[in-house]
Amino acid sequence: MTAIGIHDLELSTTHHVLGLTALAEFQGIDPNKYHIGLGQDEISMPAPDEDVVTMGASAALPIIARHGTEGIRTLLFATETGLDQSKAAGVWVHELLDLPSSVRVAEFKQACYAGTAALQAALGIVARNPAERVLIISSDVARYELGSPGEPTQGAGAVAMLVSAEPALVEIEPTSGVYTDDVDDFWRPNDSTTAVVDGRLSVRAYLDAVAGAWDDLAGRGGPDAESLSRMVYHQPFTKMAMKAHQHLTRHTGVDLGEGGLKTGSIYNRRLGNTYTASLYASLASLLDHEDDLAGSRIGMFSYGSGLVSELFTGIVQPGYNGSGRRERTEAMIEARVPLDVDTYRELHSKTLSSLQDVETPRVTKAPFRFAGIKDRARFYQRTGN
Ligand code: COA
């Protein structure tokens, strides 16, 4: 059988950052609740001229530069920060990246799980025709109400992945475990710019899901727990991965060890929650911070509130860590411009209505910007950066 999987992967994030020590001090609480209790250090925060389209296009740009567009007939955009009820955000990316008109575009939605739904669809497309390659973009802005328990777990970022036959990074194995249940732990009604969340319920639902997905994987003849060299998890906050890993260890009865939790959360601690991109940011973090993973099996757990989850596995390919992504990602994270808490709160409270034409201020240094709204439609520009 042809090996299919992730051939290349790139991250992007926002212009701004908020440090969680500053937020805790503003709130009059111990910063260790965030740094140790939640395992989060910073929140990426978009400038007024950034959104999921500009982050997604910025993540995909270097992938297209490295591999060209040949064989790409599908762009799948995963997000729970939907910009339009009808148009897929990926269509704007298609235009910004100047992709051929022979590339189909669609948007996937199921909370933070949607990137994995896109990955599964991409694997199917490439299995049908191994000459095709699929571009996946997972891009999100995690926004909770000011003062809510979710506030320190905000964040923003995008991951672009190229899925192909004979992948250079990670071959995805065919068996996966799925667990779906109708739970009201987190959702965002159409008339709300922030998520409605029952945080405690979402933690319990996540743990039930990891056990349920494991049982489905095991029941379908998936790999033994002993063969898992590392695990990466969807990380609404990095401590959640630790809770899930302990739960999976208890559930399988197998000592899964440290499992790469530390190396797999270095980016996530600094980006905050990136919803659909979070699991793949964790995968990038793991691959970028460990040198001897070639041939290893990695377990990947994807969770989307509401809920749909999936546990699947991949084999790391030889030469996986030679792309310089770690240096690029660190430079991008370091380059973010810090916000003070007052400016962050001001930015947070600003929302746009499609009823008013607007031109956004020029702030971002990314290659693309959200330029504004005209006649109820969003428009974007290349910045020349
Ligand atoms: N130093 C170190 N740790 C501290 C601390 C301190 N000063 N103060 C509190 N903590 C620890 C707590 O013991 C707790 O650890 P534990 O989970 O291992 O028991 C952790 O910090 C969080 O404290 P808690 O009181 O539970 O936080 P909270 O109720 O304010 O918020 C969530 C936690 C998860 C409910 C909240 O962040 C949230 O709603 N997040 C959004 C939803 C989400 O991400 N869900 C996850 C599944 S998708």
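Computed from a predicted structure; not experimentally measured. Numbering of ligands and ligand atoms starts at 1, following listing order.
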Notebook entry, point to check: Are Asp49 and Arg362 within salt-bridge range, i.e. N to O under 4.0 Å?
Noted result: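 No, no charged N to carboxylate O under 4.0 Å.
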(Q) Distance to the ring centre below 6.0 angstrom and angle to the axis at most 45 degrees; does that hold for Arg369 and Tyr380? (A)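 No; the conditions do not both hold, so Arg369 does not lie above the ring face of Tyr380.
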Would you tabulate the polar-atom pairs, meaning N/O of ligand 1 against N/O of the protein, with distances under 3.5 Å, reported to 0.1 Å?
from: ligand 1; atom 1: 7 (N); to: Asp30; atom 2: OD2; distance (Å): 2.9
from: ligand 1; atom 1: 15 (O); to: Lys239; atom 2: NZ; distance (Å): 3.4
from: ligand 1; atom 1: 17 (O); to: Lys243; atom 2: NZ; distance (Å): 2.5
from: ligand 1; atom 1: 18 (O); to: Lys239; atom 2: NZ; distance (Å): 2.9
from: ligand 1; atom 1: 18 (O); to: Lys243; atom 2: NZ; distance (Å): 3.4
from: ligand 1; atom 1: 25 (O); to: Arg200; atom 2: NH2; distance (Å): 3.4
from: ligand 1; atom 1: 26 (O); to: Arg200; atom 2: NH2; distance (Å): 3.3
from: ligand 1; atom 1: 27 (O); to: Lys33; atom 2: NZ; distance (Å): 3.4
from: ligand 1; atom 1: 29 (O); to: Arg200; atom 2: NH2; distance (Å): 2.7
from: ligand 1; atom 1: 30 (O); to: Lys33; atom 2: NZ; distance (Å): 2.7
from: ligand 1; atom 1: 37 (O); to: Pro149; atom 2: O; distance (Å): 3.1
from: ligand 1; atom 1: 45 (N); to: Ser202; atom 2: OG; distance (Å): 2.6

Please list, one pair per line, the donor and acceptor atoms closer than 3.5 Å that link side chains of residues 299-307 to other protein atoms, with sequence neighbours excluded.
from: Ser302; atom 1: OG; to: Thr116; atom 2: OG1; distance (Å): 2.7
from: Tyr303; atom 1: OH; to: Asp185; atom 2: OD2; distance (Å): 2.6
from: Ser305; atom 1: OG; to: Asp185; atom 2: OD2; distance (Å): 3.0

Check: Tyr275 ring centroid to Tyr113 ring centroid under 6.0 Å: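 Distance test on ring centres: not under 6.0 Å, no.
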So does Glu70 have more than 12 non-hydrogen atoms from other groups sitting under 6.0 Å from CD?
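Atom CD in Glu70 is not crowded, with 12 or fewer foreign heavy atoms closer than 6.0 Å.
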For Gln27 and Tyr34, which I'm curious about, is there any donor-acceptor pair between the side chains at under 3.5 Å?
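Judged by distance alone, the side chains do pair up.
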